[in-house]
Amino acid sequence: MKAIILDMYGVIVKQTGDDFVPYVQQTFPNVSAEEIYEPWFRANVGEISSIDVWKAIGFQGDLEKMEKEYLDTIELADGFIDFVEKAKTQYKLAILSNDSSRWSRYLREKFNINRYFDVISISGDLRVKKPDERIFLLTLEKLGVNAEDCIYVDDRRRNLGAANKVGMNPILFNSRNVSCECVSVHGFDELAQEILSF
């Protein structure tokens, strides 16, 4: 193996993104999940800014402050720093995340993790998101490795399927506690042990 590609939500950070709808519904209980996801998905492919998401939902006032308050509820996953510091000495590393440009940049700078990664592929920057195969292929191209020499780690099975289809070695980071007939880990200690077996 030459490279490890990590998803952000549900892997590098504890939150999977599933908390955004209930977070919004604390303020707007009558706004449906579909009404929240529609602008959010548009921001994730760079069609609108993340601030526009809050506007579209109905928030008013200091939207940047509101956004920061939400993002500051997000925490790094236990064991991530230890894992990535060790992995960096042996592998090329990449982030591949469906996220708005602004949210991703804020979190990566807040946690000071850009320094660990050779490539950072964010759907809001690239205007294409997982499970579209193009974002996987683009990440491989930027890493300069073949798919079969790469481990891909995600908490969503559909993204693992797409990674497998292009030839990567997928591992489920099972922060959602789902059933999967695949290589599965429940934390970074397990991930480190699993990678040693490749």
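All heavy atoms count here, side chains included; hydrogens, waters and symmetry mates do not.
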Asks: If we ignore angles and hydrogens, is there a donor and acceptor under 3.5 Å between the side chains of Tyr37 and Asn44?
Replies: no
Asks: Which distance, rounded to the nearest 0.5 Å, do you find between the CD of Gln15 and the CZ of Phe20?
Replies: 13.5 Å
Asks: When you group the ILVMFWY residues by side-chain heavy-atom contacts below 4.5 Å and let the links chain together, are Leu138 and Leu93 in the same group?
Replies: no
Asks: What's the verdict on salt bridge (charged side-chain N to carboxylate O under 4.0 Å, His left out) for Arg176 and Asp18, showing C-alpha distance, side-chain angles and the deciding distance?
Replies: CA-CA 10 Å; Arg176 298 166 173 274; Asp18 292 342; 2.7 Å; yes
Asks: Hydrophobic cluster membership, with links at side-chain heavy-atom distances under 4.5 Å among I/L/V/M/F/W/Y: are Ile5 and Ile122 in one?
Replies: no
Asks: May I ask you to check whether over 12 heavy atoms, not counting those of Glu181, lie within 6.0 Å of atom CD?
Replies: no
Asks: Mind checking whether Tyr152 and Phe136 have ring centres under 6.0 Å apart?
Replies: yes
Asks: Is it true that Trp103 and Tyr106 have ring centroids separated by less than 6.0 Å?
Replies: no
Asks: Could you state the interatomic distance from CD1 (Ile12) to CD1 (Ile113), rounded to the nearest 0.5 Å?
Replies: 5.0 Å
Asks: Cationic tip of Lys86 within the cone over Phe188's six-membered ring, i.e. under 6.0 Å and within 45° of the normal?
Replies: no
Asks: Do we see a donor-acceptor contact under 3.5 Å between the side chains of Asp99 and Ser97?
Replies: no
Asks: With Asp118 as reference, evaluate Lys88, Lys142, Lys92 under the salt bridge (Lys or Arg N to Asp or Glu O under 4.0 Å) test and give the passing residue.
Replies: Lys88
Asks: Hey, are Arg134 and Asp132 close enough for a salt bridge, meaning a charged N less than 4.0 Å from a carboxylate O?
Replies: yes
Asks: Atom NZ of Lys110 and atom CG of Asn112: how far apart are they, to the nearest 0.5 Å?
Replies: 13.0 Å
Asks: Are a donor atom and an acceptor atom from the side chains of Ser101 and Arg105 found within less than 3.5 Å of each other?
Replies: no
